[in-house]
Amino acid sequence: MAEHFHVNTPLLECMRMSKRLGIPVYLKMENSQPSGSFKIRGIGHLCQQLARQSKGVVCASGGNAGVAAAYAARKMGVPSTIVIPSSSPQLVVQRLQDEGATVKIAGKVWDDANAEALRLAETEGLTYVPPFDHPLLWQGHSSVITEVAASLGPGVKPGAVLVAVGGGGLLCGIIQGLKNVGWMDVPVVAMETVGADCFNAALKAGKLVTLDDITSEAKCLGAKTACKQAFEYSQSSELNIISELVTDQQALQAVQTFLDEERVLVEMACGAALAAVYSGLIGRLQDEGRLPTLSGPLVVIVCGGGSINLEELSSLKHKLHV
Ligand code: PLV
């Protein structure tokens, strides 16, 4: 058995959120992964399978997939090159360098950086590490649900799972995990921000669409096109995936409330999921009958993210007038 790069994260009962919603809420603390986000689950697994003998890995990332790839590569003794768009905050460069990565900046958004990563893989013979669109990633991410099942214990099933969506890799992993433990009927609330909403746009259009631009500050949700598997799951009659949007302001406010109440700092990508609780969206979905009355706890995937510190938080507050 190959070693895991991820850790088994705590599932914490959240009294303040539970009080707000009037139902038990549990937080799956993926922010406490060694790379600072859930990404290490899938990327660690993919690197184990594909990069053991590699002369180097290359990953295009808004930040967190890159940190996970650099972390896994360092543990395997393989060099890493991480390509990030110019929209990623400066602190991400430092985090990546701290993990021993060579950092390249290419283009404005993730899709531009990805084109450069694919080119480097081709010309330099590096192993390409996709941040969200690969079955090995989804298999790795699915362990988050296996852990939730083990923590909740026999006979307890979540009423719903709340998750943020960028390119949809985490969502695919959650669905796979729900299938693995026999919880396919558990609704999943899939959150994006306005301006980084490729999954929501695909659901509205009835097909995958490519956004013209990423206008949200939640840059780690900023893929222009969702992965095909996430879209296909959304069309399955066996699954209940509810796609919703919040504004950047709501996501940032959620980051602040979470910091205040739970003393944990996460980035806006994660704030998008938390905002579903703090903005009253979950309650509204229930009132409208779009989310059935929850028969078990709401499980919030606190996906984490390292593209944030106090300076970045105050710069975002200034930019978004929050
Ligand atoms: N971030 C990717 C893609 O960026 C990255 O390169 O790091 N929450 C956090 C903290 C994330 O970093 C990401 C993805 C997501 C949620 C969404 O995950 P996904 O892409 O699997 O839906 C452009």
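Along the sequence shown, the residues carry numbers beginning at 1. Remember, it's 1-based here, ligands and their atoms both numbered in the order they're listed.
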Nearest protein heavy atom to atom 2 (C) of ligand 1, by residue and atom, and its distance?
-> Lys39 NZ, 3.2 Å
Please report which non-hydrogen protein atom sits nearest to atom 1 (N) of ligand 1, along with the residue it belongs to and the distance in Å to one decimal place.
-> Cys220 O, 3.0 Å
Which atoms of ligand 1 sit under 4.0 Å from any heavy atom of Gly304?
-> 10 (C)
Under 4.0 Å to a heavy atom of Gly169 - the qualifying atoms of ligand 1, by number = 19 (P), 21 (O), 22 (O)
Check: of Asn64, Ile214, Leu137, Val67, min heavy-atom distance to atom 10 (C) of ligand 1 comes from Asn64
Considering only heavy atoms of Ala269, which atoms of ligand 1 have at least one such atom less than 4.0 Å away?
-> 8 (N), 9 (C), 10 (C)
Please answer: with hydrophobic residues joined when any side-chain heavy atoms are less than 4.5 Å apart, are Tyr71 and Val92 in the same cluster?
-> no
Side-chain ion pair, Lys319 and Glu217, N-O less than 4.0 Å = yes
Counting from 1, what ligand 1 atoms have a heavy atom of Ser61 closer than 4.0 Å?
-> 5 (C), 6 (O), 7 (O)
Answer yes or no: does atom CD of Gln235 have more than 12 heavy-atom neighbours from other residues, nucleotides or ligands under 6.0 Å?
-> yes
From the options Gln33, Arg74, Gln48, select the one residue that forms a side-chain contact (heavy atoms from CB on, under 4.5 Å) with Phe5.
-> Gln48
shortest atom 7 (O) of ligand 1-to-protein heavy-atom contact is with Ala65 N, 2.8 Å
Please determine if Lys19 and Glu261 form a salt bridge, counting it only when a charged side-chain N lies under 4.0 Å from a carboxylate O.
-> no
Presence of salt bridge, Arg41 and Glu147, under 4.0 angstrom = yes
Does the Lys157 side chain pair with the main chain of Gly182, one donor and one acceptor, at a distance under 3.5 Å?
-> no
Which ligand 1 atoms does Gly63 reach within 4.0 Å, using its non-hydrogen atoms?
-> 6 (O), 7 (O)
Measure from the side-chain N and O atoms of Ser86 to the backbone N and O of Gly107, and report whether any donor-acceptor pair falls under 3.5 Å.
-> yes
Got an N/O contact under 3.5 Å between Cys270 and ligand 1?
-> no
Compare Ser88, Ala69, Gly166 and give the one whose heavy atom is closest to atom 22 (O) of ligand 1.
-> Gly166
So between Phe132, Phe38, Trp110, whose heavy atom ends up nearest atom 18 (O) of ligand 1?
-> Phe38
Can Val165 be said to touch ligand 1, with heavy atoms closer than 4.0 Å?
-> yes
State whether the shortest distance between N or O atoms of Pro131 and N or O atoms of ligand 1 falls below 3.5 angstrom.
-> no
Verdict with supporting geometry, Glu122 and Arg119, salt bridge (charged side-chain N to carboxylate O under 4.0 Å, His left out) | CA-CA 5 Å; Glu122 181 76 29; Arg119 193 191 67 76; over 6 Å; no
Would you please classify the geometry between the Phe132 ring and the Trp110 ring as parallel, tilted or perpendicular, with 30° and 60° separating the classes?
-> tilted
Please report which non-hydrogen protein atom sits nearest to atom 8 (N) of ligand 1, along with the residue it belongs to and the distance in Å to one decimal place.
-> Cys303 SG, 3.1 Å
Give the residue and atom name of whichever protein heavy atom lies nearest to atom 20 (O) of ligand 1, and the separation in Å to one decimal.
-> Gly167 N, 2.8 Å
